Amino acid sequence: MKRMAAILAGMMLMLGVGTTAQALTLTVTSGTDSKTITDGQAGDMSSTEGKIRVYDMIVGNYLITVDTALGFSHPYISWPQALHLSAAFTSTAPGGSLTFILTDSGLSLPNLRSDLSPNAIMQYGIGGAIQKGDEITNTITYSTNGTDTNQLPGLSLIGSGMSFKAEDSALVDLANPFTISEVVTIDFGRNPGTSSFDAAVNIIPTPEPATMVLLGAGFLSLAIYCKRRKNV
């Protein structure tokens with residue numbers, strides 16, 4: 001199932017980068033049934049540009065409400081937050097899986113330095129509540145050339161009937177414009193019910209070399225000071 005999510009994410013990246021137009025899309029699939037909503041198009045209940053909202057959408061055996069699906073290609077939010085996805089869903093039968101793919105394309109990160117490597121920091125995380133025995137996976141994929149898809153280490157959690165939270169970060173190389181996808185997959189156990197999650201991605205340009213040198217000098221001075229204090 002995780003492999004299917006990665007393949008779907010790659011497809012969304014290819015579709016997004018294949019055009020110069022900026023586009024925020026949300027795809028929800030159960031493997032046998034799939035629906036895609038584009039910002040401002042049919043099925044989007046939000047009148048705000050850059051925000052997708054969906055009520056009572058049926059995909060397979062699941063009833064889904066997407067309260068928030070935000071992207072930066074349109075002026076709803078500002079950096080460092082690049083993507084934000086919040087959804088609730090009800091499983092009417094045991095087993096199966098559900099995958100959410102939020103993709104934004106044509107992104108340009110302010111102050112992105114092409115002479116630095118790595119030149120950006122991606123911070124990503126997820127929280128929420130799933131049924132006992134369920135597993136939820138959050139994976140970030142991105143592309144800077146429309147051909148190659150890069151994937152960050154996924155966050156994977158097993159449900160215990162209680163709330164969960166996980167987060168991570170990674171250094172990456174980006175080039176404007178780029179495409180980014182947040183892929184959330186839920187593998188359901190034997191307990192149908194209502195679950196929810198809230199996931200987001202922040203992207204921060206790497207500080208310029210002079211700033212890094214000053215920061216390094218500060219740590220070095222602190223280390224020397226601490227050593228001298230220890231020797232006194």
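Predicted model only: the values in this text are computed from it and were never measured. Just the heavy atoms: all of them, side chains too, but no hydrogens, waters or symmetry mates, feed the values below. Along the sequence shown, residues are numbered consecutively beginning with 1.
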Are the side chains of [X] and [Y] in touch, meaning some heavy atoms are under 4.5 Å apart?
X      : Y      : value
Phe100 : Ile64  : yes
Tyr142 : Leu152 : yes
Leu102 : Leu24  : yes
Ile204 : Gln123 : yes
Leu107 : Leu174 : no
Val172 : Pro118 : no
Arg113 : Pro205 : no

If I compare all heavy atoms of [X] with all of [Y], which pair ends up nearest, and what's the gap?
X      : Y      : answer
Pro94  : Pro192 : N-CG, 3.7 Å
Leu83  : Gly71  : CD2-CA, 4.1 Å
Thr139 : Gly154 : OG1-CA, 3.9 Å
Ala93  : Asn61  : CB-ND2, 4.1 Å

### Query
Quick check: are there more than 12 heavy atoms from other residues, nucleotides or ligands sitting under 6.0 Å from CG of Asp33?
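More than 12 within 6.0 Å, yes.
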Please check if [X] and [Y] belong to a single hydrophobic cluster, counting links between Ile, Leu, Val, Met, Phe, Trp and Tyr side chain heavy atoms closer than 4.5 Å.
X      : Y      : value
Val66  : Leu63  : no
Ile121 : Phe178 : no
Leu112 : Met122 : yes

Rounded to the nearest 0.5 Å, what's the gap from [atom1] on [X] to [atom2] on [Y]? Could you check?
X      : Y      : atom1 : atom2 : answer
Leu85  : Ile52  : CG    : CD1   : 9.5 Å
Asp39  : Ser46  : CG    : OG    : 7.0 Å
Thr179 : Asn145 : OG1   : CG    : 10.0 Å
Leu70  : Glu182 : CG    : CD    : 11.0 Å
Gln131 : Ile186 : CD    : CD1   : 12.0 Å
Ile136 : Ser195 : CD1   : OG    : 8.0 Å

### Task
Check each of Asn202, Thr68, Asp198 against His84 using the side-chain hydrogen bond (donor to acceptor under 3.5 Å, both in side chains) test, and report the only one that passes.
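Testing each of Asn202, Thr68, Asp198 against His84, the sole residue satisfying side-chain hydrogen bond (donor to acceptor under 3.5 Å, both in side chains) is Asp198.
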Under 3.5 Å donor-acceptor, [X] side chain and [Y] backbone:
X      : Y      : answer
Ser108 : Pro177 : no
Lys35  : Ile58  : yes
Tyr62  : Ser97  : yes
Asp134 : Gly189 : yes
Ser30  : Leu98  : no
Asn119 : Ser114 : no

If we ignore angles and hydrogens, is there a donor and acceptor under 3.5 Å between the side chains of [X] and [Y]?
X      : Y      : result
Ser181 : Thr103 : yes
Thr27  : Thr36  : yes
Thr185 : Thr99  : yes

### Task
Evaluate the ring planes of Phe197 and Phe89, with Trp represented by its six-membered ring, and classify them as parallel (under 30°), tilted (30 to 60°) or perpendicular (over 60°).
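Ring orientation of Phe197 relative to Phe89: tilted.
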### Query
Checking side chain to side chain contact (heavy atoms under 4.5 Å, CB included) for the pair Thr65/Asp56: CA distance, chi angles, key distance, verdict?
CA-CA 5 Å; Thr65 293; Asp56 299 334; 3.7 Å; yes
### Query
Would you call Arg53 and Asp44 a salt bridge, using N to O less than 4.0 angstrom?
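Judged by the 4.0 Å cut-off on N to carboxylate O distance, Arg53 and Asp44 do not form a salt bridge.
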### Task
Assess whether side chain to side chain contact (heavy atoms under 4.5 Å, CB included) is satisfied between Ile126 and Leu157, documenting all intermediate values.
CA-CA 10 Å; Ile126 187 171; Leu157 303 102; 4.1 Å; yes
### Task
Before giving the answer on side-chain hydrogen bond (donor to acceptor under 3.5 Å, both in side chains), spell out for Thr90 and Thr194 the whole-Å C-alpha distance, their side-chain angles and the decisive distance to 0.1 Å.
CA-CA 4 Å; Thr90 300; Thr194 299; 2.8 Å; yes
